[in-house]
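Working notes, structure below.
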Amino acid sequence: MIVIVSDDSKGDYGPALAEAVSQTETQLVHFSANALTVMPCVACGSCSGKTYGRCITQDDMQQVLPKIAGCRALVLVSPVVFGGVSYHIKKIMDRMAAVGDPRYRISEGELVKGMSGQGMNYYMLGIGDELSATERAAFLSLHEENRKIMSAQGQAFILSGRSGQASINKIAQEIVYG
Amino acid sequence: MDKSEIMLLCASPRRKGTSTMLLERIQAVTGSEVVFLPQKDSLHELVLVMQQAATIVISGPCYINTYPARLIELLEAAALAGGFSGQKLYGIINGGMPYIHTHQHGLTCLQLFAEQNHLSWQGGFVLGCGAMLDGKPLEKHMNRKTVVPAFDQFIRHIAAGTPSPSCLYEQAQSPPGKIMTQVFAKLLTFLVEKSIKKHGHDPKAANWYLREQE
């Protein structure tokens, strides 16, 4: 299953990507993060202790976490905000700790962690017009650091507001078959 | 807040953690008040305080390689409100991993916020292994001999209103070597598994959400 979580408050790239992925007959779940009620992570530590693997905050994230836990690819679609993602998407990212593996491992000589399950591919799609080189580099580095810490594969893409459906279709192909 | 004052903003949901401890260390020098980022309700009042401060120091934990969502929400709200005119901005980010690159994005995020909204970016401080402190004094940090003087120099930059170079925190922290990395991985995993078992769970079991679906 592929899970797409998008902030659609400033554009419809998330639904467009979901539509392109669905054309490949891949099992897909799409959430619009800006339409969900998701509270910020309060670092209570329960998901790595008392309720290991389960977040105790009862909100719409309880619909998202089961899908992420078993997915083969997670795709976050967001406007590029200060070289990162919007707060709608960041709330989802922060709460994903519940489906992470809290144990440590070593990759390329450094400590990393991982995700529960069989491992997943992790993609980010950033949308922004006239982004500076610093913004682009920051967005790509955020994905790279996320990918490392999750011990995941995958890549980041950046599109401008003028990008057409062909660009979306290409990214969908990469996510499904890449 | 008077326009000449320094605003110390804690971006952590935990009020007694490492982010707060670092701000209290600054507070001891500048006498400024520590303001906590509310985890619920409107951020309008806090944006007004930011607009009125001469200097803003933001200290927060690193969640998934950058600051927590609620701070991003505040920055988005502040950018929407506007009204900034040269306020000096410093940032501090602390995280569990001992590598600066793991947490660096937080400072880049603040720098971009400053550049896009007429604030004056003055630099920041990345603190690795910060989570282990859990609010305890900086003198308990595993690299205390280099980290304490570097952070105190960072405070002097804030007090003087001068830019703080990244080499301050880069030179104060070096990543653990190969053997220490292996020791850390085994020790930290042992402690994590011990905690999970203490709560009656199997650390090697499939995730709770996956088991619920079976």
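Below, read A as the first sequence line, B as the second, and so on, with proteins coming before strands; counting in each chain starts at 1.
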Original post:
Do A/Y104 and B/F184 make the cut of ring centroids closer than 6.0 angstrom?
Top reply: no

**OP:** Pick one of side chain, backbone, both or neither for B/K194, based on which atoms fall under 4.5 Å of a heavy atom in chain A.
**Re:** neither

Original post:
Does B/K140 come within less than 4.0 Å of B/D134, counting only side-chain N to carboxylate O?
Top reply: no

Original post:
In terms of heavy-atom proximity below 4.5 Å to chain A, should B/E73 be classed as side chain, backbone, both, or neither?
Top reply: both

Original post:
With a 4.5 angstrom heavy-atom cut-off, which part of B/Q39 approaches chain A: side chain, backbone, both or neither?
Top reply: both

Original post:
Relative to chain A, which segment of B/F190 carries a heavy atom at a distance below 4.5 Å: side chain, backbone, both, or neither?
Top reply: neither

Subject >> B/E76 versus chain A, the contacting section by heavy-atom distance below 4.5 Å >> reply: both

Subject >> Proximity of residues 165-178 of chain B to chain A, residues having a non-hydrogen atom under 4.5 angstrom >> reply: none

Subject >> B/K16 with B/E24: basic N within carboxylate O range, under 4.0 Å >> reply: no

Subject >> Region of B/E212 in contact with chain A, defined by heavy-atom distances below 4.5 Å >> reply: neither

Original post:
If you measure from the Lys or Arg side-chain nitrogens to the Asp or Glu carboxylate oxygens, is any gap between A/D59 and A/R95 under 4.0 Å?
Top reply: yes

**OP:** Mind ranking A/M39, A/K91, A/M96, A/E145 by heavy-atom pairs under 4.5 Å with chain B and telling me who comes out on top?
**Re:** A/E145

**OP:** Counting only heavy atoms closer than 4.5 Å, note whether B/K186 contacts chain A via side chain, backbone, both or neither.
**Re:** neither

